[in-house]
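Here's the structure we're looking at; comments come further down.
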Amino acid sequence: MSACVPARADSARTKHVHPPHSPPPGGPRRFRVAGADVSAAIAVFLIALPLSLGIALATGAPLQAGLVAAAVGGIVAGRIGGCPLQVSGPAAGLTVVTADLIQQYGWRTTCAITVFAGIAQLGLGCLRVARTALAVSPAIVHGMLAGIGVTIAVAQLHIVLGGTPQSSVPDNMVALPAQLANLHPADVAVSVLTLTLLLLWPRLPGRAGDVLGKLPAALIAVGGATAVAALTGLRLPKVDLPSWSSHALASLPEGPVLGLVAAVLTTTLVCSVQSLLGAVAVDKLVAARPALTGRVKRSDLDRELLGQGAANIVSGSLGGLPIAGVAVRSSANVAAGAVSRNSTMLHGVLVVIAALLLVPALELIPLASLAALVMAVGLKMVSLNHIRTVTRHREVLVYAVTTCGVVFLGVLEGVALGIAVAVGVALHRLTRTRITYDDVEGVHHVHVRGQLTFLAVPRLSRVLHQVPHGADAVVELDGSFMDHAAYETLQDWQKTHTAQGGSVDITGRRPGTRISEPAEVDGCRCRPWTPWRNHQCERPSKAPTPGTDRRTAAGTPTGESPATTTGPNTSGTSGVPGAYGPPGATDQPRGHELARGISAFHRNTAPLMRRELARLAREGQQPSQLFLTCADSRVVTSMITSSGPGDLFVVRNVGNFVPLPGEESGDDSVAAAIEYAVDVLKVRSITVCGHSGCGAMQALLGADPAGARTPLQRWLRHGLPSLERVPADAAEDGRERPRLAGRAPADAAERLCLANVVQQLEHLRAHESVARALGAGGLELQGMYFHVGEAQSYLLSEDTEGGVFELVRETNLTA
């Protein structure tokens, strides 16, 4: 082989040589931590330190156990876990479970249970069943956390008052009157100070509040209470951290086998569900951050379960509390701008340093201050937002039963009760089907609300047989599920009824609920939404009228009936034939298209909108903006603005003109609408919207100003000021012209349309009511351009000279 022939790049024997004029490659890549991770780790550490001690105090475990769990959760779970920014450690949601285990089995056996729970988590992670845990109803999870929060708050209240908590919520409630009669003023004073700082610190006003508010409220509360207690010389119980040499480690579990198995399963369930739900919540928080803060991968839930299992094994072996993902610390980590798992690991290292070097300072913390902190955390676990959410979704019963079960029976029992109630509610909803029958002007309506299963077949069959033979029938399916028994019943009845000369129209809330092809009514097989696309039906049994051009409507899905459009229009309209039936058909009664459209509204849309329209009828209209646009039939204001009834006060005219007040041949109707919208309806914005292919702009380009004889020609004179803004030479006066961002106007008509929007905004400012509202700061004006063919909207940005219409970008509304 010639020496000039290069060797193969993928050869295993080829050695990579650095270029001749570059320095030799360096050594191994150094470990680097981003500055954002360092600051986030410090913020999380300052929160984790007091909370870890407080949770250990609430469980009755040695206080070092909280520090061990915080350090292991940060280092082990942070390194192995699948959610880079989730912070793990001792969690308030595990307090009740751990306290029960310690009381029943002792601390060393509790550590062993933690180890076995970690092994169970490793097994679940290897089986890749993490996503299955998310199938648990959120109402059960929120109810479990609320029950745990109530239990924590009631127990810590006794320590706040200077006493000792009992083993259960009922016992604590019974003992509370006696505890109130025997208050310890020093403990109460420290607790009140801690709660006051905890509540008021994030609400400090002014610029100083913005700076000081960056310090964690938990640290300030505990630190402030500790300083006051030390300076005033209060005598009260404080943190006692024994020597690490006497720290208790795990031992072989002792106790009944079934009880230990139940304890392991309970710990595994609570740790896993809380960690996985926390990982999903962290993903949402990360997605909501600005893109400049760094890209973070989405959570791998199976790997997260493996990381939590490994952390629990290490924590239990070293004498630490059970570990789970913690919402408060994870939220702080994300908010502080962390970009990798290094922040979580570094926070664990800082906890280790504090546990070794800051023991004298930690032993100054009053136990009452930690109890007040944990009590506040427990009360926050009863979230009013969660209660409103489950109430809105009709799952408040599941939430209430789970909460009460956890409070009075225990975590495992409460969750089991919640699951049983959730299954019962689901079965009730599945079997609860309302079937009604009504006769409206000879059309027999059968309305099915709910899911159609075999349990509803007898009632469905009984109602369907009430429809007379040969009658017109409409079956409305207001549900999303139909099993095979209901499908066959409905299909058999439809075939029999149609064979007897009747007609059947089966409709549903979703297109997928149709069980067969739509019944042909007057030759039309349209879906209810096809008229929105200017759809025109063609009768299968008739040939198209001469002069028509058969073609499929743009955007019609496969399987839809082809649309028929006419040739050149000679009627003076926009070339739109009848909506149902080919042009020239004379066998349809007058108003047939309108009546059929109204009938479709009554059948499909009115049931969904009736409640909202009834509210608007009671409260009156309260639109937020006046939308002034062209009368062109292709500009559907509600569609391009995603608005509904009551949102827009719309004024339409040919060319979207705003005549100047007092102008000769002016139009008082436009001025009256503007005055009514601004002074009476108190709209906050006015939008002038032009569009592509505007016939008024095309007519204005060829108009003769002196020949205004017809009403249309006289009306177009209101566009002459817009025409003057766009001379033949766009740069003859040196001024910038209104334009679209990113491209030049397609033609003179589009250039005139953009200038017309800007001109009509100037006309708006000349109206007295508008000028007054603008001066008061209660109104804003907006210019908009809608390109019909591209279905794109542009908003006028007046920050640039001449005015630039910027394309409205798509945004993620679910983030």
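Note that the structure is a prediction, hence the values are computed from the model and not measured. Side-chain atoms are counted along with the backbone in the values below, which use heavy atoms only and exclude waters and symmetry mates.
Residues passing the side-chain hydrogen bond (donor to acceptor under 3.5 Å, both in side chains) test with Q274: none are found, sequence neighbours excluded. Residues passing the side chain to side chain contact (heavy atoms under 4.5 Å, CB included) test with P170 are S168, F408, sequence neighbours excluded. Among residues two or more places apart in sequence or in another chain, the salt bridge (charged side-chain N to carboxylate O under 4.0 Å, His left out) test is passed with R388 by none. In this structure, the side-chain hydrogen bond (donor to acceptor under 3.5 Å, both in side chains) partners of S343, at least two apart in sequence or on a different chain, are N333.
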Query raised in the report: Should L57 and L63 be marked as a side-chain contact (heavy atoms from CB on, under 4.5 Å) after you check the CA-CA gap, both sets of side-chain angles, and the distance that decides it?
Result: CA-CA 6 Å; L57 174 66; L63 296 185; 4.0 Å; yes
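Y105 OH: more than 12 foreign heavy atoms inside a 6.0 Å radius. Surrounding CG of L258 are at most 12 heavy atoms belonging to other residues, nucleotides or ligands under 6.0 Å away. By the neighbour-count criterion of 12 heavy atoms within 6.0 Å, atom CD of E254 is sparsely surrounded, having that number or fewer from other residues, nucleotides or ligands.
A side-chain donor-acceptor contact under 3.5 Å links H347 to the backbone of T344. Listed for the D302 side chain is a donor-acceptor partner under 3.5 Å among the backbone atoms of A130. The backbone N or O of L269 sits nowhere less than 3.5 Å from a side-chain atom of S272 that would complete a donor-acceptor pair. Judged purely by atom type and a 3.5 angstrom limit, S39 uses its side chain to pair as donor or acceptor with the backbone of A36.
No side-chain heavy atom of P138 sits less than 4.5 Å from a side-chain heavy atom of V390.
Sorted by first and then second residue, the pairs that involve residues 83-102 and meet side-chain hydrogen bond (donor to acceptor under 3.5 Å, both in side chains), not counting sequence neighbours, are Q86-E304, S88-Q308. A side-chain hydrogen bond (donor to acceptor under 3.5 Å, both in side chains) check over residues 178-187, counting only residues at least two apart or in different chains, returns nothing.
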